[in-house]
Amino acid sequence: MTISKKPQARSCKIRSNGTQNVVATAAGFTDGLGYGDNTKAAVIRLGLMEMIKFSEVFYPGSKLETFFESCGVADLITTCYGGRNRRVAEAYAKTGKSLEQLEQEMLQGQKLQGPPTAAEVNHMLKAKNMEDRFPLFTAVHRICKGTTPVSSMIDCIRNHPEHM
């Protein structure tokens, strides 16, 4: 393992504040719906784009290259394939149990980070009337809140403005 010090802490901080966990939650939803690796790759790509855009909007001066360090894309990929937020979101899509119940059953005292981070991010987006510019983040928040069905996740990916 190599540890390197990077001067750009702000972008890593954005990422470490949990936006990768929101993307991992979306990846878990698609896993639970039975979609494969190509769909997960689309979630990761679109999620990374929203993470970068979120940083640009709310934390001007963040450096793009920081997202391509270990604290960015590497952690995002790892979290989307094996993290607790992905695992619980997959179970949520498959079982219909509440996130709270699954957290208790599956995490042995650990806490989910994706749903509360999605709520915080949504609060920031709503305050600037920008929810429509971040459809993946917004969809995860609405699914976690229970106001949108988990099945809508695939439409969010298909209709994401980055595809248009």
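- Annotation: side chain of Leu48 is not in contact with side chain of Val23 (no heavy-atom distance under 4.5 Å).
- The CE atom of Met153 lies 10.0 Å from the OG1 atom of Thr25; values are rounded to the nearest 0.5 Å.
- Across Tyr92 and Ile143, no two heavy atoms sit closer than the pair OH-O, 3.4 Å.
- Residues Cys156 and Ala139 come closest through the heavy atom pair SG-CB, 3.8 Å.
- Under the 4.5 Å side-chain criterion, counting only non-hydrogen atoms from C-beta, Val140 is not in contact with Phe134.
- Summarising the geometry of Ile52 relative to Leu64, their closest heavy-atom pair is CD1-CD1, 3.6 Å, with the distance given to 0.1 Å.
- The shortest side-chain heavy-atom distance between Tyr35 and Val43 does not fall under the 4.5 Å cut-off.
- Between Phe67 and Leu76 there is no side-chain heavy-atom pair separated by less than 4.5 Å.
- Minimum interatomic distance between Arg87 and Gly82 (heavy atoms only, all atoms of both residues): NE-O, 3.7 Å.
- Ion pair Glu162/Arg45 not flagged as a salt bridge, since none of the NZ, NE, NH1 or NH2 atoms sits closer than 4.0 Å to an Asp/Glu carboxylate oxygen.
- Atom CG in Asp31 sits 5.0 Å away from atom CZ in Arg86 (nearest 0.5 Å).
- Enclosure of atom CG in Asp132 by more than 12 non-hydrogen atoms of other residues, nucleotides or ligands within 6.0 angstrom is indicated.
- Ring geometry for Phe137 versus Phe54: interplanar angle over 60°, hence perpendicular rather than tilted (30 to 60°).
- Here the straight-line distance linking atom CG of Leu125 with atom NE2 of His141 works out to 9.5 Å at 0.5 Å rounding.
- Taking each heavy atom of Lys128 and Met130 in turn, the nearest pair found is O-CG, 3.1 Å.
- When all heavy atoms are compared, the tightest approach of Leu99 to Leu112 is O-CD1, 4.2 Å.
- Between Thr79 and Asn21, the closest side-chain pair of non-hydrogen atoms falls below 4.5 Å.
- The shortest distance between side-chain heavy atoms of Phe58 and Val121 does not fall below 4.5 Å.
- With a 4.5 Å cut-off on side-chain heavy atoms, Cys144 and Phe29 count as touching.
- Counting heavy atoms from C-beta outward, Val22 and Glu50 have side chains that stay 4.5 Å or more apart.
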